[in-house]
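Order of listing sets the numbers, starting from 1, for every ligand and every atom in it.
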Amino acid sequence: MTFRQRHLLGIEPLAPAEIVTLLDLAERYVELNRRTVKRADALEGLTQVNMFFEPSTRTQASFELAGKRLGADVMNMAVAQSSVTKGETLIDTALTLNAMRPDLLVVRHPESGAVSLLASKVDCAVVNAGDGRHEHPTQALLDALTIRRAKGRLQRLTIAICGDIAHSRVARSNLILLGKMENRIRLVGPATLMPADGFGCEVFEDMAAGLEGADVVMMLRLQKERMDGGFIPSAREYFHRWGLDAEKLARAKPDAIVMHPGPMNRGVEIDGTIADDIRRSVIQDQVEMGVAVRMAALDLLARNLRAERGARATEEGIRV
Ligand code: NCD
């Protein structure tokens with residue numbers, strides 16, 4: 001098993017072998033999660049704190065379930081009611097929490113780089129659950145597991161990532177991961193929602209051309225909260241040109257899968273009928289894989305944490 005990370009802050013620092021290790025372990029947790037009794041002891045005795053400075057449904061819920069199914073004591077910090085609203089800085093909050101000796105800290109924050117900064121101030125393992133437009137590593141890992149299960153491989157696939165690329169940490173983490181695994185990645189969307197350098201990928205403004213022959217069609221939410229006006233003409237016009245409907249999907253391979261990280265704006269970036277079509281859409285599989293991938297991530301980080309602490313204790317001559 002190869003997984004040398006102390007934190008999971010992004011896909012960028014991961015070697016392909018580490019990604020494969022994590023996905024293989026997640027497969028075992030998929031099996032566990034399908035049993036009636038979903039219990040393992042990888043995090044027994046450890047304390048996990050979830051700190052979400054941005055709204056979240058599936059990510060927060062799945063990190064909570066992941067920790068509990070592995071036996072951790074899980075606390076969700078109610079950020080809206082915490083001292084953060086009284087003006088406490090992120091670092092002060094982190095130091096306060098650190099003094100309570102958590103072992104795993106799961107953080108979502110609206111600023112890119114905030115989670116890394118926090119990781120440098122605490123003693124526990126930190127998982128980035130999304131920082132600004134930067135990275136959302138567990139989302140890319142759960143997407144990778146979903147693709148690998150649906151397509152039987154994670155290499156040599158043509159993957160179209162469509163929509164609001166510029167504001168999307170999901171797009172960034174995904175294209176880094178899928179690039180490391182040697183896939184062909186296309187970015188499809190309006191020029192106003194495309195990063196200036198196109199992240200070095202093939203860029204298409206025309207949806208039909210971008211989807212031609214694709215194995216995977218990954219749709220993204222239009223992130224209105226990160227826009228300050230003037231990015232798109234109107235929701236109706238956006239759907240007409242870049243919303244995924246049956247006609248546009250017909251350009252992709254006949255067995256192409258449709259993905260969306262959620263939450264969806266039905267009728268804006270995706271037609272509701274396509275999203276609900278279980279022959280094409282793997283959106284619910286993504287949610288299922290999310291719990292398993294987060295269990296695998298927490299498990300691997302906990303192993304490294306125990307190994308590090310064990311080594312330190314041995315050096316100090318303390319028996320653990
Ligand atoms: C994404 C996020 O928060 O980055 N959602 C998620 O984690 N499932 C994508 C989004 O908000 O559009």
Side-chain angles (χ1 to χ4, degrees), residues 8-12 26 50-67 76 79-80 106-116 127-147 159-178 187-190 193-195 199 216-227 231-232 235 238-239 242-244 258-270 272 275 281-298:
L8 181 58
L9 299 175
I11 297 296
E12 191 84 70
N50 299 335
M51 273 168 100
F52 280 65
F53 294 92
E54 250 187 22
S56 169
T57 310
R58 69 214 84 218
T59 306
Q60 184 164 0
S62 72
F63 268 113
E64 183 174 354
L65 278 180
N76 288 308
V79 176
V106 179
V107 188
R108 168 170 286 191
H109 198 278
E111 301 292 332
S112 305
V115 183
S116 299
V127 184
N128 180 4
D131 64 324
R133 306 174 184 192
H134 178 230
E135 280 232 42
H136 189 355
T138 56
Q139 179 70 45
L141 289 159
L142 74 88
D143 289 339
L145 186 60
T146 308
I147 295 171
I159 298 162
I161 306 181
C162 312
D164 184 358
I165 314 282
H167 300 103
S168 179
R169 55 194 174 212
V170 175
R172 259 194 105 251
S173 289
N174 259 300
L175 67 91
I176 298 170
L177 191 157
L178 296 165
L187 303 182
V188 189
L193 296 178
M194 207 51 80
F199 294 136
V216 176
V217 180
M218 188 181 288
M219 301 308 300
L220 298 171
R221 183 175 65 89
L222 206 53
Q223 306 212 2
K224 298 189 194 104
E225 76 277 20
R226 296 195 208 286
M227 297 181 187
F231 282 92
I232 59 156
Y238 185 84
F239 181 69
W242 294 285
L244 186 67
V258 174
M259 307 180 76
H260 193 304
M264 283 185 274
N265 295 306
R266 287 172 184 260
V268 180
E269 70 263 359
I270 190 164
S281 162
V282 293
I283 295 170
Q284 296 310 319
D285 301 280
Q286 289 173 271
V287 179
E288 183 184 0
M289 295 309 122
V291 181
V293 152
R294 287 166 180 131
M295 289 167 85
L298 294 169

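- If you check which protein heavy atom lies closest to atom 11 (O) of ligand 1, you get Arg221 NH2, 2.9 Å.
- For atom 7 (O) of ligand 1, the closest non-hydrogen atom on the protein side is His136 NE2, 2.7 Å.
- Taking every heavy atom of Thr59 and a limit of under 4.0 angstrom, the matching atoms of ligand 1 come to 6 (C), 7 (O), 8 (N).
- Residue-ligand proximity, Val170 to ligand 1, at heavy-atom distances under 4.0 Å covers atoms 1 (C), 4 (O), 9 (C).
- Between Pro263 and ligand 1, not a single N/O pair is under 3.5 Å apart.
- Considering only residues two or more places apart in sequence or on other chains, Asn50 meets the side chain to side chain donor-acceptor pair (under 3.5 Å) condition with Gln48, Asn76.
- For atom 3 (O) of ligand 1, the closest non-hydrogen atom of the protein is Arg169 NH2, 2.9 Å.
- Here the side chain of Asp131 pairs no donor or acceptor atom with the backbone of His109 at under 3.5 angstrom.
- With respect to Gln286, the side chain to side chain contact (heavy atoms under 4.5 Å, CB included) criterion is satisfied by exactly one of Leu145, Asp143, Ile147, Val293: Asp143.
- Arg169 pairs with exactly one of Glu54, Glu111, Glu135 by the salt bridge (charged side-chain N to carboxylate O under 4.0 Å, His left out) rule, that one being Glu54.
- Heavy-atom contacts of Arg108 reach the following atoms of ligand 1: 2 (C), 3 (O), 7 (O) (cutoff under 4.0 Å).
- One N or O on the side chain of Asp164 and one on the backbone of Gln223 form a donor-acceptor pair closer than 3.5 Å.
- Residue Gln223 has at least one heavy-atom neighbour below 4.0 Å for each of these atoms of ligand 1: 10 (C), 12 (O).
- Shown in contact with Pro261 at under 4.0 Å from a heavy atom are these atoms of ligand 1, numbered in order with element: 8 (N).
- Here Ala296 pairs with Leu22, Leu25, Ala26, Tyr29 under the side chain to side chain contact (heavy atoms under 4.5 Å, CB included) rule; sequence neighbours left out.
- Ligand 1 lies nowhere less than 4.0 angstrom from a heavy atom belonging to Glu54.
- Shortest contact from atom 6 (C) of ligand 1 to any protein heavy atom: Gly262 O, 3.6 Å.
- Near Gln139, with a cut-off below 4.0 Å to any heavy atom, the atoms of ligand 1 are 6 (C), 7 (O), 8 (N).
- Minimum heavy-atom separation, Pro137 to Ile11: O-CD1, 3.6 Å.
- Judged purely by atom type and a 3.5 angstrom limit, Arg108 uses its side chain to pair as donor or acceptor with the backbone of Pro55.
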